[in-house]
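Structure record follows, encoded as structure tokens.
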Amino acid sequence: MMEEKGEKNGVAAMAACYQKFDPVAYLQYNYTPPRADFTRKDSIVPWKLACLHRALNEGDVSGELLVDIGSGPTLYQLMSGCEVFNKVILTDFLEVNRQELRRWLQDEGKCSLDWTPYLEHVCKLEGRRPSAWPEKAAKLRQVIVDILPIDVHCSQPLAPDTLPSAGADCLVSCFCLESVSPDLPAFTRALGNIQKLLRPGGHLLLIGALGESYYFGGPGVRIPVVPLNEAQVCTSLKESGYTLIRLEVYTLSQDMRVGVDDVTGVFFAKAKRD
């Protein structure tokens with residue numbers, strides 16, 4: 001009972017940390033150069049986009065519905081998936097992030113970040129001209145069917161009847177679970193909770209931080225993170241009912257360490273629900 005109470009307190013403390021989260025600052029810190037420099041092969045954002053593109057184009061990931069777990073205020077993680085799935089659902093715990101996503105979806109030009117360079121880069125990965133980016137943006141807007149609240153620490157993270165009874169065909173989650181969990185057991189449980197949203201045999205594409213103990217979610221907003229290593233990621237996936245297909249690791253060069261976190265690497269995992 002005490003353990004359960006401690007766990008609830010840890011989760012509540014994490015939720016309190018996020019009340020001052022600033023989507024505009026977060027995007028500035030992580031989604032502009034040098035971390036998002038499309039002229040460099042060793043920049044972190046192009047690496048993430050390449051991992052997602054490759055995973056979605058190997059022929060084994062398919063279906064109707066893709067759900068993005070903890071979208072934050074970002075869209076890059078869906079730019080390859082919108083070509084594979086007819087329906088995409090975005091989710092986030094914070095209303096400020098859902099609002100940011102809605103602004104892009106409504107195309108009123110009030111977004112905090114210009115996603116055009118991202119769209120151009122993914123077009124290139126797909127063998128298209130970068131100038132085809134408006135079509136990709138239109139496709140992404142067309143397939144996004146909802147933006148929903150989520151709590152990955154609940155045994156049912158989404159409201160009942162939100163998804164088809166069979167579950168989603170694919171989940172994507174980037175930098176969410178380790179940065180909203182107070183410790184490694186909570187991270188593993190969250191992986192198990194979102195697994196319930198996925199149909200048996202469906203895929204999980206998971207991107208996360210390695211060796212990170214904190215990041216800034218806005219000026220002076222220091223948010224604790226579970227510092228993961230590769231072995232812990234693999235063990236947590238297995239314990240949560242996934243079979244790992246592939247794990248890839250990116251190590252941050254010195255100039256990618258820009259003072260907004262202490263991350264040392266990023267992992268990309270492609271896994272399948274047992």
Side-chain angles (χ1 to χ4, degrees), residues 47-71 76-91 125 150-158 162-181 183-212 225-251 263-274:
W47 180 84
K48 291 187 287 187
L49 290 172
C51 286
L52 289 162
H53 168 74
R54 202 160 45 245
L56 286 157
N57 285 278
E58 290 171 322
D60 56 340
V61 179
S62 63
E64 182 74 9
L65 176 63
L66 170 69
V67 178
D68 185 28
I69 305 292
S71 306
Y76 70 92
Q77 66 275 23
L78 304 158
M79 290 177 185
S80 291
C82 72
E83 304 293 343
V84 179
F85 295 92
N86 294 323
K87 292 180 182 171
V88 171
I89 292 175
L90 310 181
T91 69
L125 290 175
I150 190 167
D151 186 344
V152 297
H153 297 302
C154 289
S155 61
Q156 288 296 331
L158 289 172
T162 305
L163 301 185
S165 55
D169 299 293
C170 183
L171 303 180
V172 171
S173 188
C174 301
F175 303 105
C176 170
L177 305 185
E178 74 279 10
S179 55
V180 300
S181 297
D183 51 31
L184 183 60
F187 169 80
T188 307
R189 278 191 298 274
L191 266 175
N193 290 339
I194 66 168
Q195 189 251 34
K196 297 170 192 166
L197 305 174
L198 189 60
R199 67 168 171 79
H203 286 83
L204 169 68
L205 306 180
L206 185 69
I207 293 178
L210 292 169
E212 182 176 46
V225 180
V226 180
L228 299 171
N229 60 41
E230 293 166 56
Q232 288 168 328
V233 173
C234 295
T235 301
S236 291
L237 283 165
K238 191 175 180 184
E239 286 177 5
S240 309
Y242 302 92
T243 298
L244 182 64
I245 297 168
R246 182 169 70 250
L247 186 78
E248 297 178 56
V249 171
Y250 171 98
T251 303
V263 64
T264 59
V266 175
F267 71 85
F268 172 80
K270 181 177 182 177
K272 197 173 183 179
R273 180 180 165 177
D274 297 340

> Is any side-chain heavy atom of Val263 closer than 4.5 Å to a side-chain heavy atom of Val225?
Replying inline: no
>> For Ala271 versus Leu244, what's the shortest heavy-atom pair and its separation?
In response: CB-CA, 4.1 Å
> What are the two closest non-hydrogen atoms of Cys174 and Gln77, and how far apart are they?
Replying inline: SG-CB, 3.7 Å
> Can you check whether Thr188 reaches Thr235 side chain to side chain, under 4.5 Å on heavy atoms?
Replying inline: no
> Between Phe268 and Arg54, is any pair of side-chain heavy atoms under 4.5 Å apart?
Replying inline: no
> How close do Glu230 and Val249 get, heavy atom to heavy atom, and via which atoms?
Replying inline: CD-CG2, 3.5 Å
> Within a strict 4.5 Å, meaning less than it, do heavy atoms of the Tyr242 and Gln195 side chains meet?
Replying inline: yes
> Heavy atoms, side chains only, cut-off 4.5 Å: are Gln232 and Val226 in contact?
Replying inline: no
> Which atom pair, heavy atoms only, marks the closest approach of Ser236 to Ser240?
Replying inline: O-OG, 2.6 Å
>> Counting C-beta onward and ignoring hydrogens, is there a side-chain heavy-atom pair between Ile89 and Leu158 closer than 4.5 Å?
In response: no
>> Is there a side-chain contact between Glu58 and Ile245 in this structure, where contact means two heavy atoms from C-beta onward sitting under 4.5 Å apart?
In response: no
>> A side-chain contact here means heavy atoms from C-beta on lying under 4.5 Å apart; do Leu66 and Leu78 qualify?
In response: yes
> Rounded to the nearest 0.5 Å, how far does CG of Leu205 lie from CG of Leu52?
Replying inline: 6.5 Å
> Which heavy atom in Ser181 sits nearest to a heavy atom in Ala190, and how many Å separate them?
Replying inline: OG-CB, 4.4 Å
